[in-house]
Student: 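A single structure is presented below for examination.
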Amino acid sequence: MYHGALVPNVPRHKEINLTKNEANELLSISKAYFLRYTNEWDRGYGEFWYVIKDKYGGIQEISKNYRKQIRKGLENCIVKRVSKEEIAEHGYEVYRKAFEKYHTNKSPENIEQFVTNILNSNYDNWAVYAKNDNKMIAYSLIDTTDNVCNKR
């Protein structure tokens, strides 16, 4: 469930083949407003926010302005892969502060829900720490199923 929509938990390039009855049953069970999925997403019919990036040509392929921002970030922050336990223990404050910036009628998860969801996840977890106090200031949960990188 994502903002009232039921979205599949599969990589974007996987086809979703539901009959109208199956779709209606999923809507009834989930109480979602609608289903959101895309078939043939890489054939010119998909949403614009899915990006195919098969190769990385190095830092030089990034614009000069972004390279400057990356260097500044690396001067002030430490980025590292962490365990889900680390996110569960230190990520709720980051989540709560980020949620305060959202303009939505949805409520944030309470700390118990947050911890349970993180500990039950199977993602690659990354965190950003401020160098001045070693405090977590950001995190990302990355799903790498089927050779696809998808932020959760």
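When a residue number appears, it is its place in the shown sequence, counting from 1.
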Student: If you compare all heavy atoms of Ile142 against all heavy atoms of Ser140, which two are closest, and at what distance to 0.1 Å?
Tutor: CD1-OG, 3.1 Å
Student: Linking I/L/V/M/F/W/Y whenever any side-chain heavy atoms sit under 4.5 Å apart, do Met136 and Leu74 land together?
Tutor: no
Student: What's the separation between atom CZ in Arg96 and atom NZ in Lys101, rounded to the nearest 0.5 Å?
Tutor: 12.0 Å
Student: Taking atom CD as the centre, does Gln113 end up with more than 12 heavy-atom neighbours from other residues, nucleotides or ligands that are less than 6.0 angstrom away?
Tutor: yes
Student: Please identify each residue that fulfils ring pair (Phe, Tyr, Trp, His ring centres under 6.0 Å) with Tyr2, with sequence neighbours left out.
Tutor: none
Student: Ignoring hydrogens and angles, tell me if any N or O in the side chain of Tyr123 forms a donor-acceptor pair with the backbone of Trp126 under 3.5 Å.
Tutor: no
Student: Please enumerate all residues that pass ring pair (Phe, Tyr, Trp, His ring centres under 6.0 Å) together with Phe114, with sequence neighbours excluded.
Tutor: Tyr92, Tyr95
Student: Keeping the roles fixed (side chain from Arg67, backbone from Ile62), state whether a donor-acceptor pair exists under 3.5 Å.
Tutor: yes
Student: Please answer: with hydrophobic residues joined when any side-chain heavy atoms are less than 4.5 Å apart, are Ile111 and Ile87 in the same cluster?
Tutor: yes
Student: Less than 6.0 angstrom from the centroid, inside 45 degrees of the normal: does Lys80 satisfy that with respect to the ring of Tyr129?
Tutor: yes
Student: Is the shortest side-chain heavy-atom distance between Leu26 and Leu18 below 4.5 Å?
Tutor: yes
Student: Less than 4.5 Å apart, side chain to side chain, heavy atoms only: is that true for Val7 and Leu35?
Tutor: no
Student: Under 6.0 Å from the OH atom of Tyr33, do we count more than 12 heavy atoms belonging to anything else shown?
Tutor: no
Student: Indicate the atoms forming the closest heavy-atom contact of Ala88 with Leu119, along with that distance.
Tutor: CB-CD2, 3.8 Å
Student: Using atom types as modelled and distance alone, determine if a side-chain donor or acceptor of Thr116 lies under 3.5 Å from a backbone N or O of Glu112.
Tutor: yes
Student: Does Ser121 reach the main-chain N or O of Ile118 with its side chain, forming a donor-acceptor pair under 3.5 Å?
Tutor: yes
Student: Quick one, Glu86 and Tyr139 - any side-chain contact, counting heavy atoms below 4.5 Å?
Tutor: no
Student: Check whether Glu89 reaches the backbone of Glu85 with its side chain - one donor and one acceptor, N or O, closer than 3.5 Å.
Tutor: no
Student: Check whether Tyr102 and Leu141 end up in the same hydrophobic cluster, where Ile, Leu, Val, Met, Phe, Trp and Tyr are linked by side-chain heavy atoms less than 4.5 Å apart.
Tutor: yes
Student: Of all heavy-atom pairs between Ile16 and Pro8, which one has the smallest distance, and what is that distance?
Tutor: CD1-CB, 3.9 Å
Student: Indicate whether the side chain of Glu109 and that of Asn117 have a donor and an acceptor atom separated by less than 3.5 Å.
Tutor: yes
Student: In this structure, are over 12 heavy atoms from other groups packed under 6.0 Å from Tyr66 atom OH?
Tutor: no
Student: So which atom in Ala5 and which in Ala32 form the shortest heavy-atom distance, rounded to 0.1 Å?
Tutor: C-CB, 4.2 Å
Student: Quick one: do Lys131 and Glu75 make a salt bridge, cutoff under 4.0 Å?
Tutor: no
Student: Work out which heavy atom in Ile137 is nearest to a heavy atom in Val94; give both atom names and the distance.
Tutor: O-CG1, 3.7 Å
Student: Short question: side chain of Asn76, backbone of Lys72 - any donor-acceptor pair under 3.5 Å?
Tutor: yes
Student: Are the side chain of Glu22 and the backbone of Thr19 linked by a donor-acceptor contact shorter than 3.5 Å?
Tutor: yes
Student: Quick one, Lys135 and His90 - any side-chain contact, counting heavy atoms below 4.5 Å?
Tutor: no
Student: Less than 4.5 Å apart, side chain to side chain, heavy atoms only: is that true for Asn125 and Ser83?
Tutor: no
